[in-house]
Amino acid sequence: MIRHLLKLVWNRKRSNALIILEICASFLVVFVVATLGLFFLDNYRRPLGFEWKNVWNVRVGIPHTGSGPGDGGSPEQAALFERLLREVRSFGAVEAAAGTAVTPFDQGGFGGSWTIDGKNVEMAIDEVTAGFADVMGLKMVAGRWFQEADSGLAWKPIVIDRELARAVYGTADPVGRPFGKPEPNERQYRVIGVVSDFRKSGELMPNDNFMFRLTDLRAPDVRTPSNLLVRVRPGTSPEFEEALVKHMQAVAPDWSFEVLPLAQVRATSSRFFLTPLIVAGTVAFFLLLMVGLGLIGVLWQNLLQRTREIGLRRAAGASRAAVHRQVLLEQMVVTSLGILLGTLLVVQIPVLDLIGVLSNRVFASGLLFAMVTMYLISILCTLYPSTLAARVQPAEALRYE
Amino acid sequence: MIKNYLKVALKVLGRRKFFTFISLFAISVTLLVLLVATALLDNVFATGAPEVHADRMLGVYRMTMKGPENTWTSPVGYAFLDRYVRPMAKLPSVERVTITTAAESVVSYLNGRKIQSSMRRTDGEFWRVLAFDFVEGEPFTTVDDENGRRVAVISETTRQRFFDGRPAVGKTLEADGQSFRVVGVVRDVPLLRYSSSADLWVPITTAKSSGYKEGWSGNFSALILARSPADLPQIKAEFQSILRGAEKQIPDPKSFKTLIAGADTLFEGAARLFVPGPPVVDPAIQLRAALLALMLGFMLLPTINLVNINLSRILDRASEIGVRRAFGASSRTLIGQFLIENLVLTLIGAGVGLALAAVVLRIFNASGLIEHAGLQINARVFLYGLAIALFFGLLSGVYPAWRMSKLHPVQALRGRSA
């Protein structure tokens, strides 16, 4: 049966080749859009690792710090920042406050690449003050979070997330262990605790390896944080924001302050990721509609040309259903060939390791989704032309010419 | 002859309405997407208010400082621009130079309401390099800037937000904890006009502290207005030689040895954003190639689709072609005829696509996805669209036409095609 179908397809190889190519290209389009969507969906289901509700991010604009080479800020600025933290905490509506270099959900950020035991480990890094865990509601799974007193240690304390712990230490307990080798004239990093997750880039992005370093506002070489995070009591009115900014402005007249609730940063960040997906999805939808209509037309025309062949089959006793089935199965063979070609192209991605962040599961689901979609479109487009073909009267068909 | 072909083309279109519909649908959707993309690019890179002199304007937008171990890329610092770029105004081929910060988000509180605006700090020359459309008042001047006067030019949207759209000149508003007296109101600038857009423009010297005056990296860029577009290459070369001289004066010579920057057109400036390192190939060429590849990649599927449909249509007309062949029409004539038919179809599709694009752009503008986007189909976008349509028509017509011309007359007359 299959051999027979393949022969039928081969007989019309020129026109079928173009259809195969078209199905292959559509398959690729569906695969890309579906995989992107599934990638986001897969990430969205995992725990975020922090609480963003009722947290406000205050972007602190300090004239000329941290924005250029050899420009790390000054102890005076750090002292002023510490005073700001103190003053902010004294408001009744504020539950906790901390300084951070990186705003959660924001797309920017620090990164680092370390060679540990011959392995190259990439990670995202944030420098935070000791209050950060309270503000963000981080969950410790081992060890402890930073304390103010940690600044006096002979080594540099760090807190890492489970993902990074697994990447560096495997199943061993990381608490108390040294992390990497220190640079010349630098102190050794040592892990003091592990948090469950910290997906800084938000729900839609994958779990990063993550490392927290402590910002000690009293150290001589400190980099003043560029953001101040505030956890406010639930139900705090937006008017409080104005009072907060006015107060901070009075404490540091030369600095600039901009309050953005994390909810808003999160919305902006989701838009940043989802807008391209929505645009690509819409364009892909219309492309598929175009392909579908095109297929109907082409199949129709092809079958019209085969009227005599079909008529002959009918005359020889084939039922309408049999004609239906033949047309449908032929199209399935063509579709399968297109999908096969597409799959061969697509599997190069994991084989050549082209996109690192794509998990096998997401990749396989994307592939499956694209396959099912293409078969569905194919069947849908064959229904009407094959009905027409099945309606061919043997007498009429044989009379043709 | 051509007239005859056109007649035939239109007749054929009317004959198989379903096929005509699918072809037109495919063509118009394809061109719709490409037209919207073109309008977007046009909005960023081509001449348009207030960047009406974009054809003779260069910008120093970003600079990379490079040393043996360190690389630092950021917008440029005021100190560098003030010392090396501003004096370029004295060159005979340069008309003016202006320095401006990037647009930064600032917050105001008005009667318990929070207003977010983007603010640029700039100088008096800014208003003469760029042509803003003043609906009220006038720009601030170099004298205002030199004296640190707290004055501001605002956009219509800002006027709406702060003053309910009533005349604003002479009134004061508060932004980022400072208060400014409004001296002028301009029409809104699309957010994508990245060297001029903002809601609020104030003098550089009103900055809260004078810290901005130091450092070679910072948040500034400079715009250079040449006397004529022909002067641009010479000014670019001049800037490179100034840059080589500046390398000897780098503030931190131990960490950084070389400077990479350019006096760029809008397009080159954007390209440099994507190619931060020392370019092997001109970034503008790379970006152009990437855009072209993207366009061709997108057109792949619609083209195969249209080729398929066209083939079917042609085979449908096998007997007509057989007659023409039998009466001595050459392959070339037939190819020509079919290409013309296909171009007619494509152009009709392009017309539909253009109308759809106008609707989509209107929806896009209203959606506020990009502030004050103001995307439109202007003459330039229309011409690009026409060129793309012709290209698409040829691309999707050549193979079917060739196949058609190869039909054997006898077989074709019998109505067989395979």
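We name chains A, B, ... by the order of the sequence lines, and we start the count at 1 in each one.
Both the backbone and the side chain of Ser105(B) come within contact range of chain A, each with at least one heavy atom under 4.5 Å from a heavy atom of that chain. For a residue to count as touching a neighbouring chain, one of its non-hydrogen atoms must lie under 4.5 Å from one of that chain's; by this rule Val279(A) does not touch chain B. Only the backbone of Trp255(A) comes within less than 4.5 Å of a heavy atom of chain B; no side-chain atom from C-beta onward does. Proximity to chain B is limited to the side chain of Gln249(A), based on heavy atoms less than 4.5 angstrom apart. Both the backbone and the side chain of Val291(A) have a heavy atom closer than 4.5 Å to some heavy atom of chain B.
Heavy-atom pairs under 4.5 Å with chain B peak, among Leu28(A), Thr275(A), Val29(A), Leu289(A), at Leu289(A). Between chain B and the options Ser26(A), Ala25(A), Ser256(A), heavy-atom pairs under 4.5 Å are most frequent for Ser256(A). Looking only at heavy-atom pairs under 4.5 Å with chain A, the residue among Ile304(B), Val29(B), Leu306(B), Asn308(B) that has the most is Asn308(B). The candidate from Leu293(A), Leu287(A), Leu260(A) with the greatest count of non-hydrogen atom pairs under 4.5 Å with chain B is Leu293(A). Ranked by heavy-atom pairs shorter than 4.5 Å toward chain A, the options Pro75(B), Gly177(B), Ser312(B) are led by Ser312(B).
Looking at Glu258(A) and Val106(B), their side chains never come closer than 4.5 Å, going by heavy atoms from C-beta outward. With a 4.5 Å cut-off on side-chain heavy atoms, Val245(A) and Val107(B) do not count as touching. Val283(A) is listed as a side-chain neighbour of Phe298(B), based on a closest heavy-atom distance under 4.5 Å.
Defined by atom type and a distance below 3.5 Å, a donor-acceptor pair is present between the side-chain atoms of Tyr109(B) and Glu241(A).
Atom CZ of Phe273(A) has more than 12 heavy atoms from other residues, nucleotides or ligands within 6.0 Å. Residue Phe272(A) qualifies as open at atom CZ: its count of foreign heavy atoms under 6.0 Å is 12 or below.
Residue Lys208(B) holds its NZ atom at 12.0 Å from CD1 of Ile62(A), rounded to the nearest 0.5 Å. Remark: Ser23(B) OG to Met290(A) CE distance equals 11.0 Å, nearest 0.5 Å. Rounding to the nearest 0.5 Å gives a distance of 9.5 Å between CG of Asp176(B) and CZ of Phe257(A). The structure places CD1 of Ile19(A) at 10.0 Å from CG of Leu311(B), a figure rounded to the nearest 0.5 Å. Atom CD1 of Ile309(B) is separated from atom CD1 of Ile296(A) by 10.5 Å, given to the nearest 0.5 angstrom.
Side chain of Lys114(B) to backbone of Val259(A): a donor-acceptor contact under 3.5 angstrom is found.
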### Task
Output, in order, the C-alpha distance, side-chain angles, deciding distance and verdict of side-chain contact (heavy atoms from CB on, under 4.5 Å) for Glu104(B) and Arg59(A).
CA-CA 12 Å; Glu104(B) 282 192 328; Arg59(A) 191 177 54 78; 5.5 Å; no

